[in-house]
Protein chains: 2
Amino acid sequence: MQSGCTVNQTLKYLGKKWMLLIILELYKGEGYTRRFTEIKERLPGITAKVLSARLKELEEEGLIEKRIDATSVPGRSDYTLTESGVDIVEVIKEIKRWALRWKIENLACGAQDCHDCML
Amino acid sequence: MQSGCTVNQTLKYLGKKWMLLIILELYKGEGYTRRFTEIKERLPGITAKVLSARLKELEEEGLIEKRIDATSVPGRSDYTLTESGVDIVEVIKEIKRWALRWKIENLACGAQDCHDCML
DNA sequence: CAGAATCCCCTCAGATACTG
DNA sequence: CAGTATCTGAGGGGATTCTG
């Protein structure tokens, strides 16, 4: 099989829909931190279910850390990029570099994606 | 929507199963070139259908070039990485670098994937 | 607010069989 | 050799509804 390869294992979740956008949202947040609703508002089209699932995957992979503020009512959760999470932005930058170099005709980026994604 | 972003557009096909393995196979070939059967043999588990579909996608995206040798019977096709195809290996290297740095526990790579993938 | 539970749909991968 | 055609099953994404 091919599942044992670190590269493919990484792509298995990194390649999923919304995954990179979520990481970039956290990357843009103060201290690499954002709340659930905050992310959801900034990613038009994403559903709570998918966002929840992705955040759980990212947490399991150690790319983000979840913190529940139990003191506040109603409860709030925020999510912060870990060191590895911040570091994976380098991969995204590399993809972007490649895309801009070879796919220039595509540079019409959606508003919430690239022109302010700090890459 | 999020489909306009170059990064996401790239991940849309790059993230698909077998895609990276195919690229790496071509990368390993002489002159970045391999034949259909050659790739298939070296990627145990892949079906002709999926390989065919992936190669077509890669061709449409300009990462590979197909060449049919009409003179030989039975006909042979070979596939060669284009400049952009060779360049995207940099992305794969970056992913690998990240994975090895943060996912060291996973370094048991499948035989045909990593230990000879020249990365 | 931050999810969990359902339900539906649709694509995609895999297997098998067939062909120029 | 290099595919195409067809069928199948599993999984992922989306919409809706409900809840601590």
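Here is how names work: the chains are called A, B, and so on, in the same order as the sequence lines, proteins then strands, and each is numbered from 1. Values below: all heavy atoms of this structure, side chains included; hydrogens, waters and symmetry mates excluded.
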Task: Cationic N near anionic O, under 4.0 Å, A:Lys103 to B:Glu61 - done: yes
- [ ] Look at the side chain of B:Ser52 and decide which nucleotide, out of D:dG3, D:dA2, C:dA4, has an atom nearest to it.
- [x] D:dG3
- [ ] Can you tell me the distance, in whole Å, between the CG atom of A:Leu58 and the P atom of C:dG3?
- [x] 13 Å
Task: Rounded interatomic separation in angstrom, taking CD1 from A:Ile22 and P from D:dG13 - done: 10 Å
What nitrogen or oxygen pairs link the protein and nucleotides 11-13 of chain C at under 3.5 Å?
from: C:dA13; atom 1: OP1; to: B:Arg54; atom 2: NH2; distance (Å): 2.1
from: C:dA13; atom 1: OP2; to: B:Arg54; atom 2: NH2; distance (Å): 3.0

- [ ] Tell me whether the OP1 or OP2 atom of D:dA2 has a side-chain N or O from B:Lys56 closer than 4.0 Å.
- [x] no
- [ ] Provide, to the nearest angstrom, the distance between the CZ atom belonging to A:Arg34 and the P atom belonging to C:dC1.
- [x] 16 Å
Open item on the list: Is it the case that the side chain of B:Thr82 and the backbone of B:Leu63 share a donor-acceptor pair, with hydrogens and angles ignored and the cut-off at 3.5 Å?
Closed with: yes
- [ ] Go through the structure and list residues passing side-chain hydrogen bond (donor to acceptor under 3.5 Å, both in side chains) with A:Arg54, not counting sequence neighbours.
- [x] A:Glu57
Open item on the list: With a 3.5 Å distance limit and no angle check, can you tell me whether B:Thr10 reaches the backbone of A:Ile95 through a side-chain donor-acceptor pair?
Closed with: no
Open item on the list: If I take atom NZ in residue B:Lys66 and atom P in nucleotide D:dA2, what distance separates them, rounded to the nearest angstrom?
Closed with: 10 Å
Open item on the list: Do the side chains of B:Glu59 and B:Lys66 get close enough for a salt bridge, i.e. N-O under 4.0 angstrom?
Closed with: no
TODO: Determine whether more than 12 heavy atoms belonging to other residues, nucleotides or ligands lie under 6.0 Å from atom CD of B:Glu83.
DONE: no
Task: Minimum-distance nucleotide (side-chain atoms of A:Thr47 versus C:dA15, D:dG14, D:dT4) - done: D:dG14
TODO: Check the distance between C:dG3's P and A:Ile68's CD1 and give it to me in whole angstrom.
DONE: 7 Å
Task: Distance below 4.0 Å between A:Ser77 side-chain N/O and C:dG3 OP1 or OP2 - done: yes
Task: Atom-to-atom span, CZ of A:Arg67 to P of C:dG3 - whole angstrom - done: 14 Å
Task: B:Ile64 CD1 - D:dA2 P separation (whole Å) - done: 13 Å
Task: ring pair (Phe, Tyr, Trp, His ring centres under 6.0 Å) partners for B:Phe36, two or more places apart - done: none
- [ ] Could you tell me the separation between the CG atom of B:Leu51 and the C1' atom of D:dA2, rounded to a whole number of Å?
- [x] 10 Å
